[in-house]
Peer 1: 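Okay, handing you the structure first.
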Amino acid sequence: MSRGNWSFIHEWTIYEYLMARFDEKNLRLKRIFHKGKLSGRTRWIKVTQLESITNTGFPDIELIKLKGETVFRPAEVKFTSSLFNYHTSKNATQKYKKFKDQSGFLMVLHHDYLPKDLLEDFPDIEIFEIDQTDFISFCRENFVRLLNRQIKQHTESKVWIMYQGPNFNLGKDSVKPARKSKIWCPTENLTGFDLAIGDRVLFIKTKGASRIDVQNKYLKENIVNPKWRLTEIYISTVKSKIYSRNEYIQYKKLDPEDKLWTNDEKKNGATWRWGRVFEFSYVKTIKFEDLAMTELYQESGSTEFVKMSLEAFCYSKSRELSLEDYRNLLEVVSFINN
């Protein structure tokens with residue numbers, strides 16, 4: 001399921017669908033994972049009881065009962081299975097433990113792949129899919145209302161800022177650096193609904209100040225560290241969806257034990273450090289000899305670029321740059337380099 005198909009759907013639309021079909025006594029779910037294992041056959045299970053959905057906190061549904069069951073359970077609603085990451089969230093530790101203890105399950109519009117380490121942490125997890133065909137019918141039936149109330153469709157490509165890091169430039173033996181292999185691992189804050197084919201990625205490279213030095217200056221003094229300098233913007237275009245590592249290995253017919261990047265070791269001998277992959281193509285490189293980020297920060301056309309770059313650098317997260325700010329940035333750096 002691509003962002004192009006579902007990006008305009010707000011989660012509340014799924015909630016409305018669930019409640020509407022339940023009120024009609026016609027809500028059913030398709031079992032995908034049962035007790036931690038893929039179901040061998042298609043089985044639809046009717047929802048017999050469902051508490052009203054009133055908020056988007058975890059879990060979305062406090063009480064739900066399926067046909068043949070005698071107890072209520074909680075359930076979490078997501079667009080795809082890969083978005084369920086509460087097992088890695090320090091802020092959800094207690095709620096996640098309670099969710100597991102109560103045999104909570106995941107309800108998704110589409111099952112794509114399990115998040116990294118989820119099955120090891122929750123070996124009995126159950127996953128159900130919503131009836132996609134029926135959901136589409138519901139959206140069509142209510143199209144005008146949904147459009148007027150909530151659709152703010154992303155119709156143009158997005159622009160993302162990512163920090164290059166060692167794997168982008170360093171290769172060893174048969175392992176190519178990312179600028180040659182044209183593959184990269186997205187940060188955990190990006191999903192397939194965020195990053196899509198056709199998006200721009202600005203891989204930035206800096207020097208002169210460490211993450212800690214840049215972060216401390218900004219947090220304590222609200223200024224950009226004057227020693228922090230921009231050396232390169234590598235502009236690329238996203239060529240593929242985000243694959244799980246296993247999917248990518250199968251797709252490219254690679255050896256499962258092959259490294260994808262130089263700094264790509266197995267954690268505890270079992271799990272690869274980088275578990276997701278997307279492909280990109282080269283567009284253009286803009287190099288700078290000695291450009292202080294403070295200089296860019298003071299230019300109105302590139303202030304947002306510096307802010308987003310700072311967050312990408314300090315927190316190892318991908319950050320989105322608006323199309324307007326991207327165009328302004330290109331004008332600013334073109335003027336500086338000329």
Side-chain angles (χ1 to χ4, degrees), residues 1 5-6 9-87 89 92 94-115 117-143 145-146 150 191-193 244:
M1 181 181 304
N5 290 331
W6 297 110
I9 299 295
H10 190 280
E11 278 191 357
W12 275 107
T13 306
I14 301 180
Y15 303 155
E16 288 186 47
Y17 163 78
L18 295 173
M19 297 309 304
R21 290 298 187 253
F22 175 72
D23 290 341
E24 297 167 0
K25 302 185 185 304
N26 194 31
L27 178 59
R28 62 176 192 165
L29 305 173
K30 182 169 70 173
R31 176 172 277 161
I32 303 297
F33 263 76
H34 179 56
K35 300 300 180 182
K37 295 183 179 180
L38 277 169
S39 297
R41 60 187 178 89
T42 299
R43 184 184 177 191
W44 291 94
I45 301 178
K46 186 175 181 179
V47 176
T48 57
Q49 290 184 264
L50 175 63
E51 183 183 70
S52 296
I53 305 172
T54 58
N55 64 72
T56 59
F58 172 62
D60 295 307
I61 301 172
E62 293 287 348
L63 300 171
I64 185 172
K65 187 186 289 185
L66 306 180
K67 186 175 181 179
E69 298 183 350
T70 58
V71 297
F72 283 96
R73 296 195 279 165
E76 177 67 7
V77 179
K78 293 293 182 187
F79 285 103
T80 62
S81 306
S82 60
L83 293 174
F84 186 87
N85 60 2
Y86 295 101
H87 62 298
S89 173
Q94 294 301 318
K95 288 185 176 181
Y96 174 65
K97 182 181 183 301
K98 183 179 178 181
F99 184 78
K100 290 198 300 179
D101 292 342
Q102 295 179 340
S103 299
F105 63 86
L106 182 58
M107 190 188 305
V108 299
L109 196 54
H110 173 70
H111 170 66
D112 50 355
Y113 60 88
L114 292 177
D117 298 332
L118 176 61
L119 198 56
E120 290 78 6
D121 190 77
F122 196 170
D124 293 330
I125 191 169
E126 291 193 301
I127 301 175
F128 294 85
E129 270 189 353
I130 296 167
D131 189 335
Q132 288 187 22
T133 301
D134 188 49
F135 179 75
I136 292 171
S137 297
F138 174 82
C139 290
R140 287 173 175 165
E141 292 164 4
N142 297 275
F143 179 75
R145 179 171 61 85
L146 296 174
Q150 66 186 46
T191 71
F193 287 102
S244 69

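Side-chain atoms are counted along with the backbone in the values below, which use heavy atoms only and exclude waters and symmetry mates.
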Peer 1: Answer yes or no: is there a donor N or O on one side and an acceptor on the other, between the side chain of Asn26 and the main chain of Arg21, under 3.5 Å?
Peer 2: no
Peer 1: Looking at residues at least two apart in the chain, or sitting in another chain, which of them share a salt bridge (charged side-chain N to carboxylate O under 4.0 Å, His left out) with Asp23?
Peer 2: none
Peer 1: Take Lys30 and Trp44, measure what side chain to side chain contact (heavy atoms under 4.5 Å, CB included) needs, and give me the verdict at the end.
Peer 2: CA-CA 4 Å; Lys30 182 169 70 173; Trp44 291 94; 3.6 Å; yes
Peer 1: Please round to the nearest 0.5 Å and tell me the distance separating atom CD of Glu129 and atom CG of Leu106.
Peer 2: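 The CD atom of Glu129 sits 10.0 Å away from the CG atom of Leu106.
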Peer 1: To the nearest 0.5 Å, what is the distance between CG on Asn85 and CG on Leu118?
Peer 2: 9.5 Å
Peer 1: What are the two closest heavy atoms between Phe135 and Ile130, and how far apart are they?
Peer 2: CB-CG2, 4.4 Å
Peer 1: Could you tell me the separation between the CD atom of Glu51 and the CE atom of Met19, rounded to the nearest 0.5 Å?
Peer 2: 9.0 Å
Peer 1: Of the non-hydrogen atoms in Asp131 and Arg28, which two are nearest, and what is the gap between them?
Peer 2: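 The pair with the smallest heavy-atom distance is OD2-NH2, 3.2 Å.
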Peer 1: What are the two closest heavy atoms between Val77 and Asp60, and how far apart are they?
Peer 2: N-OD2, 2.9 Å
Peer 1: Taking side chain as C-beta onward, heavy atoms only, is Tyr15 less than 4.5 Å from Ile61?
Peer 2: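 A side-chain contact is absent here, since even the closest heavy-atom pair is not under 4.5 Å.
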Peer 1: Between atom NZ of Lys65 and atom CZ of Phe72, what is the distance when rounded to the nearest 0.5 Å?
Peer 2: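 CZ of Phe72 is found 4.5 Å from NZ of Lys65.
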Peer 1: So for atom CD, which belongs to Glu24, do other residues, nucleotides or ligands contribute more than 12 heavy atoms lying within a distance under 6.0 Å?
Peer 2: yes
Peer 1: Do His34 and Ser39 get their side chains close enough for a donor-acceptor pair, meaning under 3.5 Å?
Peer 2: no
Peer 1: Passes side chain to side chain contact (heavy atoms under 4.5 Å, CB included), His87 versus Phe122? Steps please.
Peer 2: CA-CA 8 Å; His87 62 298; Phe122 196 170; over 6 Å; no
Peer 1: Please confirm whether the ring centroid of Tyr86 lies under 6.0 Å from the ring centroid of Phe99.
Peer 2: no
Peer 1: Could you check if a side-chain atom of Leu66 sits within less than 4.5 angstrom of a side-chain atom of Thr48, using non-hydrogen atoms only?
Peer 2: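 Sidechains of Thr48 and Leu66: no contact.
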Peer 1: Gln49 side chain to Ile64 main-chain N or O, any donor-acceptor pair under 3.5 Å?
Peer 2: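 The answer is no, because no donor-acceptor pair under 3.5 Å joins these two groups.
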Peer 1: Which pair of heavy atoms, one from Asp121 and one from Tyr96, lies closest together, and at what distance?
Peer 2: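 Closest heavy-atom pair between Asp121 and Tyr96: OD2-OH, 2.6 Å.
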Peer 1: Would the distance check show the side chain of Arg31 and the main-chain N or O of Arg43 forming a donor-acceptor pair, the cut-off being under 3.5 Å?
Peer 2: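 Not confirmed, Arg31 side chain does not pair with Arg43 backbone.
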Peer 1: With the side chain counted from C-beta on, respond yes when Cys139 and Thr13 share a heavy-atom pair under 4.5 Å apart, and no when they do not.
Peer 2: yes
Peer 1: Looking only at heavy atoms, what is the nearest atom pair of Ile127 and Val108, with distance?
Peer 2: CG2-CG2, 4.1 Å
Peer 1: The criterion is side chain to side chain contact (heavy atoms under 4.5 Å, CB included); which residues satisfy it with Ser89, sequence neighbours excluded?
Peer 2: Asn91, Ala92
Peer 1: Using every non-hydrogen atom in the two residues, find where Ala20 and Phe138 come nearest and quote the distance to one decimal.
Peer 2: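 Heavy atoms only, the tightest pair is CB-CE1, 3.8 Å.
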Peer 1: What distance separates Leu114 CG from Leu119 CG, expressed to the nearest 0.5 Å?
Peer 2: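 If I round to the nearest 0.5 Å, the distance is 6.0 Å.
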Peer 1: Taking atom NZ of Lys95 as the centre, report whether more than 12 heavy atoms of other residues, nucleotides or ligands fall under 6.0 Å from it.
Peer 2: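 Check fails, neighbour count at 12 or below.
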Peer 1: Find the distance between CG (Leu109) and NE2 (His111) and round it off to the nearest 0.5 Å.
Peer 2: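 Leu109 CG to His111 NE2: 13.5 Å, rounded to 0.5 Å.
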Peer 1: Would you call Met107 and Leu18 a side-chain contact if the rule is heavy atoms closer than 4.5 Å?
Peer 2: yes
